[in-house]
2 protein chains.
Amino acid sequence: MSVPDEEPRRAQMLEAARQVIAERGFPGARITDVADRAGVSPALVIYYFKSKDNLLAEAMRQSEDLWYAEMSRRAAKIPTAAGRLEEVVAMTCHVSSEVVLEGSLELWLDLWAQALRDPEVRAVREESDEHFRETIRQIVRDGVTGGEFSGVDEDDFAVAYTALLDGFAIQVALGDPVVGPERAFDVAMQVASQQLGFAWEPRRARRRTSGKQPTRVRG
Amino acid sequence: MSVPDEEPRRAQMLEAARQVIAERGFPGARITDVADRAGVSPALVIYYFKSKDNLLAEAMRQSEDLWYAEMSRRAAKIPTAAGRLEEVVAMTCHVSSEVVLEGSLELWLDLWAQALRDPEVRAVREESDEHFRETIRQIVRDGVTGGEFSGVDEDDFAVAYTALLDGFAIQVALGDPVVGPERAFDVAMQVASQQLGFAWEPRRARRRTSGKQPTRVRG
DNA sequence: GAACTTGGACTGAACGATCAGTCAACACCG
DNA sequence: CGGTGTTGACTGATCGTTCAGTCCAAGTTC
């Protein structure tokens, strides 16, 4: 799993690779770029990872792991299930940003496209998506148990809601002029509150970056 | 727009390019592949389209146009708004397949990933997505006017529902072991019927290709 | 209507750039 | 000294693009 302290070189290169992929895309990432960013020679990169494909696949895996670790870390701090769900949505819609997550959404687009042909990447994607679904599922279970949520099949909800968030992630990552981060966040939370039966009001404290004003929450 | 009858060579090459992209992915598509498939020399491909990037971008545009043309064609045959919506969902979840649509979902993944860096592709994607949203919006408007649907903001619904369908398209395109075409279709229709307030029952006539049994999972 | 010209469609071969991966050598360290 | 880490220089393959030139159908001229 490449613990930074035990394998500093590997970790350093994986992080470099993550950044390069986010910038130039999976197919556009060159070992030279990774080497430059890590401050080493291209040959050393091959020395540690046998091939470019291997390096990139591992970088993808690590990036996903990082993302979910950050998600867990944040969720653990929040007492209510609704709050945890909101945090997940915020992360996915890039409303709250953090350096660790830089380029995560963009990486997803490459992850999906690459998963179509590369079996190793495909495995990472499947695992990652199931992880995401399970996270949602658990939050819903907790919410139902604690009396916050009601009237929903947790499994169907998890499937539908991850799809919804993936869809919003696309829009946000691509900087869609109609569906910006704020709009995506609001609509996603609106759907969740309605489906799960909890109260939620958009807080206008957040500054919007793009997207239309959400017109009147439905009656 | 490259009408087949007026510009047979261009159209032939664009179709070849579409197939090659679907097979090898956008970055993996080589002009040699396109030339071979079209039965011409690589040089001729460059002769018609100035560059590879240009060819591929136009192929993407044409593919999207084809998809929406097919969608309109089908929708026009269906009298009820609920039926039209169901048809759109069926197309997106690949429940009903047609030769014309072969590889469309896979192409979307490449479209999104490529849109991150290529401005021309980005424009295609934005236009295409707005087109999709407008289609949904119009169906909802019709449904509300005709008394089929009620209690929904058409704009918010369109934004959310296209995101949902995009998300399902990913799962289906990647052959997710948990979320297959049938499951995606059922859940998507369930969400729609609930949000729009119309009756819908899963018909078990459709044959499933993958994915778990949709009703009653995990006891 | 024969001879000649024009221009578009088309090709094979070659060029040149780009990269992933190799290798022999070297430095450092226990 | 031997092994681990590191490098610069090189190689081999891939591919987009260019180019010189062929082919042929449709004018044009006398």
Side-chain angles (χ1 to χ4, degrees), chain A residues 2-62 110 113-114 116-121, chain B residues 2-62 110 113-114 116-121:
Chain A
S2 109
V3 184
D5 295 335
E6 293 176 4
E7 299 173 318
R9 267 291 194 255
R10 273 185 77 87
Q12 175 191 16
M13 290 178 186
L14 283 176
E15 174 55 20
R18 203 191 65 92
Q19 291 175 21
V20 170
I21 296 174
E23 267 180 28
R24 313 200 17 129
F26 194 103
R30 300 166 295 191
I31 51 170
T32 305
D33 299 323
V34 178
D36 285 352
R37 193 171 293 249
V40 298
S41 70
L44 194 64
V45 176
I46 297 293
Y47 175 77
Y48 276 93
F49 304 84
K50 291 188 312 184
S51 70
K52 176 192 158 191
D53 284 350
N54 185 23
L55 162 69
L56 296 186
E58 285 213 36
M60 283 293 201
R61 189 172 351 251
Q62 194 209 234
D110 274 299
Q114 207 58 27
L116 271 174
R117 280 113 199 163
D118 185 330
E120 208 172 344
V121 174
Chain B
S2 108
V3 184
D5 296 335
E6 292 175 5
E7 298 174 318
R9 265 291 193 255
R10 272 185 79 87
Q12 176 191 15
M13 290 177 185
L14 283 176
E15 174 55 21
R18 204 190 65 92
Q19 292 174 21
V20 170
I21 297 173
E23 266 179 29
R24 313 198 20 128
F26 193 102
R30 300 166 295 192
I31 52 168
T32 305
D33 300 323
V34 178
D36 285 351
R37 195 172 291 250
V40 298
S41 70
L44 193 65
V45 177
I46 298 292
Y47 175 75
Y48 276 93
F49 305 84
K50 291 188 313 183
S51 70
K52 175 190 157 192
D53 285 349
N54 185 23
L55 163 69
L56 295 186
E58 286 214 34
M60 283 294 202
R61 188 171 351 248
Q62 193 209 235
D110 274 299
Q114 207 58 27
L116 271 174
R117 282 114 200 163
D118 184 331
E120 208 173 343
V121 174

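Throughout, a chain's letter reflects where its sequence line sits, starting with A, and its residues are numbered from 1.
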*Please report, rounded to the nearest Å, how far the C1' atom of D/dG5 is from the OH atom of A/Y47.*
5 Å
*To the nearest Å, give me how far apart CG (B/D36) and C1' (C/dT11) are.*
14 Å
*With a non-hydrogen cut-off below 4.0 angstrom, is B/Y48 in contact with a base, only sugar-phosphate, or nothing?*
sugar-phosphate
*Could you state the CZ-C1' distance from B/R10 to C/dG8, rounded to the nearest angstrom?*
15 Å
*CD of A/E23 to CG of A/D33: how many Å apart, nearest 0.5 Å?*
8.5 Å
_Given D/dT7, C/dG21, D/dT18, the nucleotide with the shortest approach to the side chain of A/S51_ = C/dG21
*Taking only the side-chain heavy atoms of A/L44 (C-beta and beyond), determine which of C/dC10, D/dT6, C/dG12 contains the nearest atom.*
D/dT6
*Of the nucleotides C/dA20, C/dG12, C/dC23, which one has an atom closest to the side chain of A/A43?*
C/dC23
*Over how many whole Å does the gap from A/L55 atom CG to C/dC19 atom P extend?*
16 Å
_Just the rounded figure in Å: distance from P of D/dG5 to CD of A/Q12._
14 Å
*Measuring from A/R9:CZ to A/Y47:OH, what's the distance to the nearest 0.5 Å?*
11.5 Å
*Give A/A29 one of three labels, base, sugar-phosphate or nothing, depending on what nucleic acid heavy atoms sit under 4.0 Å from its own.*
sugar-phosphate
*To the nearest Å, give me how far apart CD1 (A/I31) and P (D/dA13) are.*
17 Å
*Which nucleotide in the list D/dG16, C/dC10, D/dT7 gets nearest to the side chain of B/T32?*
D/dG16
*Rounded to whole angstrom units, what separation is found between the CZ atom of A/R24 and the C1' atom of C/dT18?*
11 Å
*Side-chain donor-acceptor pair present, B/Q62, B/E58, cut-off under 3.5 Å*: no
*Got a second to check how far B/E120's CD is from B/R61's CZ, nearest 0.5 Å?*
5.5 Å
_Quick check against the 3.5 Å criterion: does A/N54 have a side-chain atom that pairs as donor or acceptor with the backbone of A/S51?_
no
*What integer distance in Å separates B/M13:CE from C/dA9:P?*
11 Å
*asked:* Does C/dC10 have OP1 or OP2 under 4.0 Å away from a side-chain N or O of B/R9?
replied: yes
